[in-house]
Enquirer: 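The structure's right below; bear with me while I get my questions together.
Predicted model only: the values in this text are computed from it and were never measured.
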Amino acid sequence: MNVFDNIIVSTRLRLARNIAGLPFPHKLSEGPARKIIDNVQSALSPLDRFNRYDMKGISKLEGTILQEKHLISPDLLEECPFGAVLISSDENVSVMVNEEDHIREQVILPGLSLDQAFDRVNRIDDVLGKSLNFAFDGRFGYLTSCATNLGTGMRASVMMFLPALTILNMIESSINYVGRLNMTVRGVYGEGSNAEGYLYQVSNQRSLGLKESDIIDSVKGAINHLVEAELRARQLLLRDEDELKDRICRAWGIAVNAYRLSTEEAMKYLALIRLGAFYKYIEISDVNAFQKLIVDCQPANMQKSGGLDMSADERDVLRARHIGKSLTSFCKKII
């Protein structure tokens with residue numbers, strides 16, 4: 001696992017669009033809302049086999065699983081009865097319909113992939129733009145429900161793993177610094193969420209008056225600053241290497257051998273194991289499998305694996321068993 005694989009988890013590019021002449025989603029009745037979904041689905045069909053999920057027709061469990069995979073927002077699931085999402089076969093693309101805006105196109109790719117993600121989302125936007133009349137103003141750009149998305153309507157976001165800055169209580173100063181670069185830093189599931197497992201989303205704060213390339217360059221600059229700060233903090237952790245080794249080895253021992261693990265505990269111990277890989281205390285042979293394990297151990301995914309009638313305690317037992325078995329299949333403690 002190289003330095004960037006250890007710090008940069010994933011990249012997300014999102015474009016917000018609305019249909020000209022229609023009220024924003026919170027003012028739409030069911031008929032027009034359904035028509036937008038149908039039109040978006042039809043426009044996307046030449047690109048891939050997109051699976052459609054209408055929020056009114058899926059279970060809370062199904063919706064939460066999509067949220068845990070970052071394919072939909074909490075708002076779409078909880079507050080948008082006429083909302084839907086269209087998800088590509090590889091699950092790298094999701095198009096939310098009738099959330100805060102009529103259309104939110106997003107591409108999620110592993111690692112630092114801002115340019116690749118932009119290329120893909122731009123192709124999707126071109127296809128949708130040919131079939132749908134996007135609301136656009138010569139002065140303000142693409143018109144969106146929230147003023148901070150005016151202009152390009154683009155949000156470029158990178159998920160970062162920043163344990164050393166967090167452990168050493170240096171994260172606030174780093175967040176304040178990138179804030180001065182018009183960046184915002186949020187928890188693992190976006191606005192209002194916690195940075196579970198030392199995971200933070202870093203994204204641009206505004207898009208008005210900026211070109212897409214300007215936004216991507218500014219996010220890259222903020223990411224580079226945070227990577228450098230995190231690497232310096234990881235060197236500081238080595239001042240007491242015995243303590244560091246003990247913390248990581250305890251996390252390994254508990255994660256591999258525990259009988260029961262809550263989601264919070266699992267995220268904490270898996271994060272320390274990921275940090276251990278950086279110091280070569282632990283070897284992770286399959287980074288993608290490790291990242292998938294983090295998603296698989298979330299509550300809704302565990303519930304789906306174990307059955308709807310599984311209690312919370314039973315889910316914690318299943319999580320511990322799954323994590324222990326998975327870790328020993330693609331990880332190895334070196335020290």
Side-chain angles (χ1 to χ4, degrees), residues 12 14-108 121 124-125 127-129 131-135 142-146 149 153 155 157 188-193 263 295-296 298-310 312 315:
R12 182 183 67 177
R14 190 206 71 202
L15 298 178
R17 300 288 187 259
N18 287 284
I19 309 300
L22 292 177
F24 289 125
H26 68 283
K27 292 288 188 180
L28 275 179
S29 60
E30 184 169 3
R34 296 292 175 202
K35 186 174 181 180
I36 294 173
I37 300 168
D38 292 340
N39 289 343
V40 172
Q41 184 177 24
S42 177
L44 289 172
S45 59
L47 289 176
D48 193 0
R49 181 180 59 82
F50 280 80
N51 295 311
R52 173 173 166 172
Y53 301 87
D54 288 81
M55 294 302 104
K56 203 171 184 179
I58 66 172
S59 68
K60 179 68 180 293
L61 180 63
E62 284 181 290
T64 306
I65 288 172
L66 295 177
Q67 182 186 325
E68 289 176 353
K69 292 180 177 181
H70 298 279
L71 294 170
I72 66 172
S73 66
D75 284 349
L76 184 70
L77 179 62
E78 301 289 345
E79 300 179 16
C80 304
F82 307 141
V85 65
L86 295 143
I87 300 173
S88 64
S89 55
D90 61 6
E91 294 194 341
N92 286 338
V93 178
S94 71
V95 180
M96 292 187 292
V97 188
N98 299 324
E99 191 230 31
E100 184 176 303
D101 294 291
H102 293 142
I103 302 167
R104 288 201 163 185
E105 316 155 26
Q106 76 170 20
V107 170
I108 302 177
V121 80
I124 293 163
D125 194 54
V127 168
L128 290 176
S131 301
L132 306 167
N133 183 21
F134 291 150
Y142 289 101
L143 302 180
T144 55
S145 177
C146 179
N149 292 319
R155 180 66 61 92
S157 174
V188 63
Y189 289 110
E191 190 171 1
S193 65
T263 308
V295 176
D296 288 346
Q298 298 304 310
N301 277 273
M302 280 285 100
Q303 196 79 32
K304 183 179 180 181
S305 298
L308 297 178
D309 59 346
M310 187 171 57
R315 190 170 63 216

Enquirer: Could you check Val40, Leu86, Leu15, Asn18 and say which one makes a side chain to side chain contact (heavy atoms under 4.5 Å, CB included) with Ile103?
Expert: Val40
Enquirer: Working to the nearest 0.5 angstrom, can you tell me the gap between Thr64 OG1 and Lys69 NZ?
Expert: 12.5 Å
Enquirer: Check salt bridge (Lys or Arg N to Asp or Glu O under 4.0 Å) between Glu105 and all other residues, then give those that pass, not counting sequence neighbours.
Expert: none
Enquirer: For residues Ser94 and His70, determine if any side-chain heavy atom of one lies less than 4.5 Å from a side-chain heavy atom of the other.
Expert: no
Enquirer: How long is the gap from CG on Asn133 to CG on Asn39, to the nearest 0.5 Å?
Expert: 12.0 Å
Enquirer: Sequence neighbours left out, what passes side chain to side chain donor-acceptor pair (under 3.5 Å) with Arg104? Give chain and number order.
Expert: Glu99, Glu100, Asp101
Enquirer: With sequence neighbours left out, write down each residue that passes salt bridge (Lys or Arg N to Asp or Glu O under 4.0 Å) with Lys27, or none if nothing qualifies.
Expert: none
Enquirer: Return the set of residues passing side chain to side chain contact (heavy atoms under 4.5 Å, CB included) with Asp54 (not counting sequence neighbours), or none when no residue passes.
Expert: Arg34, Ile37, Arg52, Ala84
Enquirer: My understanding is that only residues two or more places apart in sequence, or in another chain, count here; which of them pass side chain to side chain contact (heavy atoms under 4.5 Å, CB included) with Leu47?
Expert: Leu44, Phe50, Ile124, Val127
Enquirer: Rounded to the nearest 0.5 Å, how far apart are CD of Glu79 and NE2 of His26?
Expert: 12.0 Å
Enquirer: Please list, chain by chain and in numerical order, all residues satisfying side chain to side chain donor-acceptor pair (under 3.5 Å) with Lys56, sequence neighbours excluded.
Expert: Glu30
Enquirer: How about Arg14 and Asn149: do any of their side-chain heavy atoms sit closer than 4.5 Å?
Expert: yes
Enquirer: Looking at residues at least two apart in the chain, or sitting in another chain, which of them share a salt bridge (Lys or Arg N to Asp or Glu O under 4.0 Å) with Glu62?
Expert: none
Enquirer: Going by the rule ring-ring contact (aromatic ring centres under 6.0 Å, His included), which residues pair with Phe24 if we only count those two or more places apart in sequence or in a different chain?
Expert: none
Enquirer: Are the side chains of Glu78 and Met55 in touch, meaning some heavy atoms are under 4.5 Å apart?
Expert: no
Enquirer: Quick check: do Leu128 and Arg17 have side-chain heavy atoms less than 4.5 Å from each other?
Expert: no
Enquirer: Is any side-chain heavy atom of Tyr53 closer than 4.5 Å to one of Leu66?
Expert: yes
Enquirer: Taking only residues two or more places apart in sequence or in another chain, which ones pass salt bridge (Lys or Arg N to Asp or Glu O under 4.0 Å) with Asp309?
Expert: none
Enquirer: Identify the two heavy atoms, one from Pro32 and one from Ser29, that lie closest to each other, and give their separation to 0.1 Å.
Expert: CD-OG, 3.0 Å
Enquirer: At what distance, to the nearest 0.5 angstrom, does CD of Gln298 lie from NZ of Lys304?
Expert: 15.0 Å
Enquirer: State, to 0.1 Å, how close Ala300 and Leu61 come at their nearest heavy-atom pair, and which atoms those are.
Expert: O-CD1, 3.4 Å
Enquirer: How long is the gap from CD1 on Ile36 to NE2 on His102, to the nearest 0.5 Å?
Expert: 4.0 Å
Enquirer: Applying side chain to side chain contact (heavy atoms under 4.5 Å, CB included), can you list everything that pairs with Ser157, at least two apart in sequence or on another chain?
Expert: Arg12, Gln201, Ser203
Enquirer: For the residue pair Phe82 and Ala33, what are the closest heavy atoms and their distance?
Expert: CB-CB, 3.6 Å
Enquirer: Just jot down the side chain to side chain contact (heavy atoms under 4.5 Å, CB included) partners of Ala312, sequence neighbours excluded, or say none.
Expert: Arg315
Enquirer: Test Ser73 against every option in Leu76, Leu77, Leu71 by the side chain to side chain contact (heavy atoms under 4.5 Å, CB included) rule and name the one that passes.
Expert: Leu76
Enquirer: Applying side chain to side chain donor-acceptor pair (under 3.5 Å), name anything that partners Asn98, two or more places apart in sequence or on another chain.
Expert: none
